[in-house]
Asker: 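Quick one: the structure is below, and I'll ask about it shortly.
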Amino acid sequence: MSECYIRVAEDENEEPMEIPSEEDGTVLLSTVAAQFPGACGLRYRSPVSQCMRGVRLVEGVLHAPDSDWGNLVYVVNYPKDNKRKMDEMDAASAVKIKRGIQKTSDLIVLGLPWKTSEQDLKDYFSTFGEVIMVQVKRDVKTGNSKGFGFVRFADYETQIKVMSQRHMIDGRWCDCKLPNSKYFLEQAGPDEPMRSRKVFVGRCTEDMTADDLRQFFMQYGEVTDVFIPKPFRAFAFVTFADDQVAQSLCGEDLIIKGTSVHISNAEPKHNNIHHLFSNFPGRSPSLAAMFERSQYQYPSSHV
DNA sequence: GTTGAGCGTT
């Protein structure tokens, strides 16, 4: 093979430019790049397969496909093309990851007027984004509001926004914070190996039947048992066939029949957060400090 | 029938 010119273009349909080869018939990438800055290779459409083929590139030297470059038009490869695709992939996976770890959590709404109803809460918070749960905590006997409630949003961005400001609701300033329970659950951290297939479902309402719970939890895996204490005690136990399913749900707040229930391990006797919490009703300085900090922390991810 | 920092009927 001898020195010649090969036809190179940025696109198959564009007018090609002739590029000189070396004496041995190869073409230097640097020569291509001299005319097409940023080029990182060449490709061409195979007359046989009609597919695009890459030109062999070894240490900056482009080698003719067969014995000859022929009369084909070679198309310039740019790293941008692939890079852009990579970026899109990264962005997509980043969003997925974001969605995965930045789940929303219930927010406690402190300082509500006594008169504020769940509808009022929903109306107010809907101005920030999609609301998927609201509660006003009331005295069971009188039905009077306790002056606080909970709200949960569909999107994490909404949650961040809502937590970042005070809220004027029915004439009073209210605060939305992460509930204290969150803090301890995160502290529980990379969990102890208590591979239970049974989970504790807290904050159940009386209208949740065993069948409701079974139907709901089926989506996560095979449910082998549902236990609801009688008389009503606002909690239940759900047992899965697979312990990994059970474990994966621990720490979650799930919404069943419009109510946020809390999933935790079914049989933690010692060093569990409920124990800790009931033993120290918030008077310890160190705990108070942790509460304090928790108010300014966004929830960290936990698997 | 009241109240105003807090924490959700385990």
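In what follows, every heavy atom counts, from backbone to side chain, and hydrogens, waters and symmetry copies are set aside. Just so it is clear: chains get the letters A, B, ... in the order the sequence lines come, proteins before strands, and each one is counted from 1.
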Asker: dT3(B) C1' sits how many Å from Asp139(A) CG, rounded?
Answerer: 13 Å
Asker: Can Phe200(A) be said to stack with the base of dT10(B), given centres closer than 5.5 angstrom and planes under 30 degrees apart?
Answerer: yes
Asker: Figure out the NZ/P separation between Lys115(A) and dG1(B), and round it to whole Å.
Answerer: 20 Å
Asker: Kindly state whether the ring of Tyr220(A) and the ring of Phe240(A) have centres lying under 6.0 angstrom apart.
Answerer: no
Asker: Could you tell me whether the side-chain ring of Phe148(A) sits stacked on the base of dG6(B), using a centroid cut-off under 5.5 Å and a plane angle under 30°?
Answerer: no
Asker: Report yes or no: do Gln119(A) and Asp123(A) form a side-chain donor-acceptor pair below 3.5 Å?
Answerer: yes
Asker: If you only use heavy atoms from C-beta on, which nucleotide in dT9(B), dT3(B), dG8(B) is closest to the side chain of Arg203(A)?
Answerer: dG8(B)
Asker: Ignoring backbone atoms, establish whether Lys146(A) has a side-chain N or O less than 4.0 Å from OP1 or OP2 of dG8(B).
Answerer: no
Asker: Without decimals, in angstroms, what is the distance between Met208(A) CE and dG8(B) C1'?
Answerer: 12 Å
Asker: Give the rounded distance in Å between these two atoms: CG of Leu110(A) and P of dG4(B).
Answerer: 15 Å
Asker: Judged by modelled atom types alone, do Tyr44(A) and Glu12(A) share a side-chain donor-acceptor pair under 3.5 Å?
Answerer: no
Asker: Of Ser145(A) and Lys137(A), whose closest DNA chain B nucleotide lies nearer the 5' terminus?
Answerer: Ser145(A)
Asker: When you measure from the side chain of Asp106(A), which nucleotide among dT10(B), dG8(B), dG4(B) comes out closest?
Answerer: dG8(B)
Asker: Expressed as a whole number of angstroms, how long is the span from Glu206(A):CD to dG8(B):P?
Answerer: 19 Å
Asker: Round to the nearest Å and state the distance from Ile263(A) atom CD1 to dT10(B) atom P.
Answerer: 14 Å
Asker: What nucleotide, of dG8(B), dA5(B), dT10(B), holds the atom closest to the side chain of Phe150(A)?
Answerer: dG8(B)
Asker: Give Leu107(A) one of three labels, base, sugar-phosphate or nothing, depending on what nucleic acid heavy atoms sit under 4.0 Å from its own.
Answerer: nothing
Asker: Tell me: NZ of Lys177(A) to P of dA5(B), nearest whole Å?
Answerer: 11 Å
Asker: Looking for any heavy atom pair under 4.0 Å, which part of the strands does Pro113(A) touch: base, sugar-phosphate only, or nothing?
Answerer: base
Asker: Without decimals, in angstroms, what is the distance between His262(A) NE2 and dG8(B) P?
Answerer: 12 Å
Asker: So if I take every side-chain heavy atom of Ile108(A) and compare against dT3(B), dC7(B), dT9(B), which nucleotide ends up nearest?
Answerer: dC7(B)
Asker: How are the rings of Phe128(A) and Phe125(A) set to each other: parallel, tilted or perpendicular (split at 30° and 60°)?
Answerer: tilted
Asker: Verify the distance criterion only: is there a donor paired with an acceptor across the side chains of Thr239(A) and Arg197(A) at less than 3.5 Å?
Answerer: no
Asker: Using heavy atoms to find the nearest nucleotide of DNA chain B for Thr142(A) and Gly202(A) separately, return the residue whose nucleotide is more 5′.
Answerer: Thr142(A)
Asker: Out of dT10(B), dT9(B), dG4(B), which has the shortest distance to the side chain of Phe232(A)?
Answerer: dT9(B)
Asker: What's the verdict on ring-ring contact (aromatic ring centres under 6.0 Å, His included) for Tyr5(A) and Trp69(A), showing C-alpha distance, side-chain angles and the deciding distance?
Answerer: CA-CA 9 Å; Tyr5(A) 282 88; Trp69(A) 290 98; over 10 Å; no
Asker: Would you indicate which nucleotide in dG4(B), dT10(B), dG8(B) comes nearest to any side-chain atom of Phe235(A)?
Answerer: dT10(B)
